[in-house]
Amino acid sequence: MICSVRQSVITPTINGSDTIFRRKNPSTIQRSLILPSLNGNKSSNPVLSMSKPLHVSRVESFALSKPQKRSLITCKAYEADRSEPIEAPEVKSEAAKKLKIGIYFATWWALNVVFNIYNKKVLNAFPYPWLTSTLSLACGSLMMLISWATRIAEAPKTDFEFWKTLLPVAVAHTIGHVAATVSMSKVAVSFTHIIKSGEPAFSVLVSRFLLGEAFPSSVYLSLVPIIGGCALAAVTELNFNMVGFMGAMISNLAFVFRNIFSKKGMKGKSVSGMNYYACLSMLSLLILTPFAIAVEGPQMWAAGWQTALSEIGPHFVWWIAAQSVFYHLYNQVSYMSLDEISPLTFSVGNTMKRISVIVSSIIIFHTPVQPVNALGAAIAVLGTFLYSQAKQ
């Protein structure tokens, strides 16, 4: 608090850190405090009046008994209406962390939605999923090599053992990536992601029967809506295609093994999420390229490229570039977010990502959806969310 000390003649008024003495006649004060005299020769009952609320930070040499000599009050204050709330550093850091995670999630979902839209446009005009998958990995690898060369990002320190443990992860990643692209070339984006929401069921089955891991009953119960929802969505899909369905199922199985190999092989490795995915993309590119040439080949690509350019025009080149860039960016952000959040939070975010992709693709591509098909999708996604909760 800040006050003015009124004695018989002189009134000091403390305003901020300045002290001003002015003469005035005593007046009635509404709120007062009785303090010891500042001067033993003056009146023994001075009044400290409240003129403007201040915060007193320190009072020195303050005596309550009758002083024998002149006492001194040192007051450091600031006005209440000019003060700012003081927050603990922990509160600020926690708020900054939540904001950072929110930005990661929003960016992750947005990039994934954009990638799926452009990927489907490319596959509709250029139905060569093996080449499309190869271009996605090549673009990401090139982007990271440029980032390392220009020192935009710090290059990882790797050795032979690192690449050896990364090899099975890259094989599983390559299979999962190509299978998902093949699926999207045959069926709607929404249907592919509905089937891919059944990945937790594959994860539990593989972990249980191949790795011998045991899970609580709540985890097994959460698989019921996942399997039931995916089955309901599959049998009611208007444009069902067996190749597209099997592609999504193989992708689920491959990504489960990718996660298992990644957890087992990367323990103790000090590589950031961004650089880890960059190395994974480069190794996957080396694995995929010869298979893409063998399955489709340059002659098919050349013919399909000319057809796409004649039908779509120059925009087709932009679609190819966009789907390749956004594929790398959304995966990179997802791996970066793993450095900041728990696996449970990541699982919830992945579930919400699937919802955003399914809804946006239905709206943009005007995909016909029956009510029972939408119900199956909702049940499967809900089961995925329940699984992520029960797993933790």
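- The hydrophobic cluster containing Y128 also contains V243, counting ILVMFWY residues as joined when their side-chain heavy atoms lie under 4.5 angstrom apart, directly or transitively.
- Legend: side chain to side chain donor-acceptor pair (under 3.5 Å) pairs involving residues 137-158, not counting sequence neighbours, sorted by first then second residue: W148-N275, T158-W163.
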Sequence neighbours left out, cut at 3.5 Å: what donor-acceptor pairs do the side chains of residues 171-182 make with other protein atoms?
{"unit_1": "H173", "atom_1": "ND1", "unit_2": "R258", "atom_2": "NH1", "d": "3.1"}
{"unit_1": "T174", "atom_1": "OG1", "unit_2": "A170", "atom_2": "O", "d": "2.7"}
{"unit_1": "T174", "atom_1": "OG1", "unit_2": "S284", "atom_2": "OG", "d": "3.3"}
{"unit_1": "H177", "atom_1": "ND1", "unit_2": "Y327", "atom_2": "OH", "d": "3.2"}
{"unit_1": "H177", "atom_1": "NE2", "unit_2": "S133", "atom_2": "O", "d": "3.3"}
{"unit_1": "T181", "atom_1": "OG1", "unit_2": "S133", "atom_2": "OG", "d": "3.1"}
{"unit_1": "T181", "atom_1": "OG1", "unit_2": "H177", "atom_2": "O", "d": "2.9"}

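- Environment of CZ in F215: crowded, with over 12 heavy atoms of neighbouring residues, nucleotides or ligands closer than 6.0 Å.
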Worked verdict on M274 versus Y335 for side-chain contact (heavy atoms from CB on, under 4.5 Å): CA-CA 6 Å; M274 180 178 66; Y335 272 81; over 6 Å; no
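- Under a hydrophobic clustering in which Ile, Leu, Val, Met, Phe, Trp and Tyr are joined whenever their side-chain heavy atoms come within less than 4.5 Å, directly or via other members, M144 and F115 fall into the same cluster.
- Hydrophobic clustering (side-chain heavy atoms under 4.5 Å, transitive across Ile, Leu, Val, Met, Phe, Trp, Tyr) groups M300 together with I320.
- For Y387, there are no ring-ring contact (aromatic ring centres under 6.0 Å, His included) partners, not counting sequence neighbours.
- Sorted by first then second residue, the side chain to side chain donor-acceptor pair (under 3.5 Å) pairs that include residues 114-123, not counting sequence neighbours, are N112-N116, N116-H193, Y118-W318.
- Between R208 and Y220, the closest side-chain pair of non-hydrogen atoms falls below 4.5 Å.
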Derivation of the side-chain contact (heavy atoms from CB on, under 4.5 Å) call for N239 and V187: CA-CA 7 Å; N239 300 313; V187 296; over 6 Å; no
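- Expressed to the nearest 0.5 Å, how far CG of L223 lies from OG of S203 amounts to 9.0 Å.
- Between L210 atom CG and I260 atom CD1 the span is 7.5 Å, to the nearest 0.5 Å.
- Side chain to side chain, T192 and S183 meet the donor-acceptor criterion of an N or O pair below 3.5 Å.
- A distance of 11.5 Å separates CD in E237 from CG in L232, rounded to the nearest 0.5 Å.
- Under the 3.5 Å distance criterion, the side-chain polar atoms of T165 are matched with a main-chain donor or acceptor of F162.
- A donor-acceptor pair under 3.5 Å links the side-chain atoms of N252 to the main chain of I195, judged by distance alone.
- Relative ring orientation between F245 and F240 is described as tilted, the plane-to-plane angle lying within the 30° to 60° band.
- Minimum interatomic distance between S190 and I362 (heavy atoms only, all atoms of both residues): CB-CG1, 3.7 Å.
- When every heavy atom of I226 is checked against every heavy atom of S197, the shortest pair comes out as CG2-O, 3.9 Å.
- Residues that satisfy the ring-ring contact (aromatic ring centres under 6.0 Å, His included) test with F326, not counting sequence neighbours, are absent from this structure.
- Scanning all heavy atoms of the two residues, the minimum distance from P129 to L123 falls at CA-CD2, 4.0 Å.
- Hydrophobic cluster membership for I103: L99 (Ile, Leu, Val, Met, Phe, Trp, Tyr linked by side-chain heavy atoms under 4.5 Å, directly or transitively).
- Connectivity analysis of hydrophobic side chains (ILVMFWY, heavy atoms under 4.5 Å, direct or indirect) links L238 to nothing; its cluster partners are none.
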Please list, one pair per line, the donor and acceptor atoms closer than 3.5 Å that link side chains of residues 372-382 to other protein atoms, with sequence neighbours excluded.
{"unit_1": "N373", "atom_1": "ND2", "unit_2": "A233", "atom_2": "O", "d": "2.8"}
{"unit_1": "N373", "atom_1": "ND2", "unit_2": "T236", "atom_2": "OG1", "d": "3.1"}

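- Judged as a ring-ring contact (aromatic ring centres under 6.0 Å, His included), and not counting sequence neighbours, W130 has no contacts.
- Residue W108 holds its CH2 atom at 6.0 Å from CZ of F105, rounded to the nearest 0.5 Å.
- Put simply, the side chain of S262 never gets that close to the backbone of N259: no donor and acceptor are under 3.5 Å apart.
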L386 and Q389: CA distance, side-chain angles, deciding distance, side-chain contact (heavy atoms from CB on, under 4.5 Å) verdict: CA-CA 5 Å; L386 295 176; Q389 301 295 313; 5.5 Å; no
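- If you chain together hydrophobic residues whose side chains sit under 4.5 Å apart, Y330 and I355 fall into the same group.
- The closest side-chain heavy-atom distance from P156 to C279 is below 4.5 Å.
- With sequence neighbours excluded, no residue forms a ring-ring contact (aromatic ring centres under 6.0 Å, His included) with Y104.
- For V325, the side chain to side chain contact (heavy atoms under 4.5 Å, CB included) partners at least two apart in sequence or on another chain are C139, M143, L329.
- Of the possible polar contacts, none joining the S251 side chain to the G247 backbone as a donor-acceptor pair under 3.5 Å is found.
- Listed here is the closest heavy atom pair of L137 and L285: CD1-N, 4.0 Å.
- Annotation: the span from C230 atom SG to E199 atom CD amounts to 11.0 Å, rounded to 0.5 Å.
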Pair L131-F126, side-chain contact (heavy atoms from CB on, under 4.5 Å): steps then yes or no: CA-CA 10 Å; L131 176 61; F126 186 74; 3.6 Å; yes
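- Inter-residue side-chain proximity for M249 and F202 is flagged as met; some heavy-atom pair is nearer than 4.5 Å.
- Under the 4.5 Å side-chain heavy-atom criterion for Ile, Leu, Val, Met, Phe, Trp and Tyr, L283 and F257 are members of the same hydrophobic cluster.
- Under the 3.5 Å distance criterion, with hydrogens and angles disregarded, a donor-acceptor pair is assigned to the side chains of S136 and Q323.
- Atom-to-atom distance recorded for L135:CG and L142:CG is 12.0 Å, nearest 0.5 angstrom.
- Nearest approach of V113 to S360, heavy atoms of both residues: CG1-OG, 3.4 Å.
- V317 is listed as a side-chain neighbour of L309, based on a closest heavy-atom distance under 4.5 Å.
- Taking every heavy atom of both residues into account, W109 and S356 meet most closely at CB-OG, 4.2 Å.
- Among pairs with a residue in residues 300-313, those fulfilling side chain to side chain donor-acceptor pair (under 3.5 Å) read E296-W301, at least two apart in sequence or across chains.
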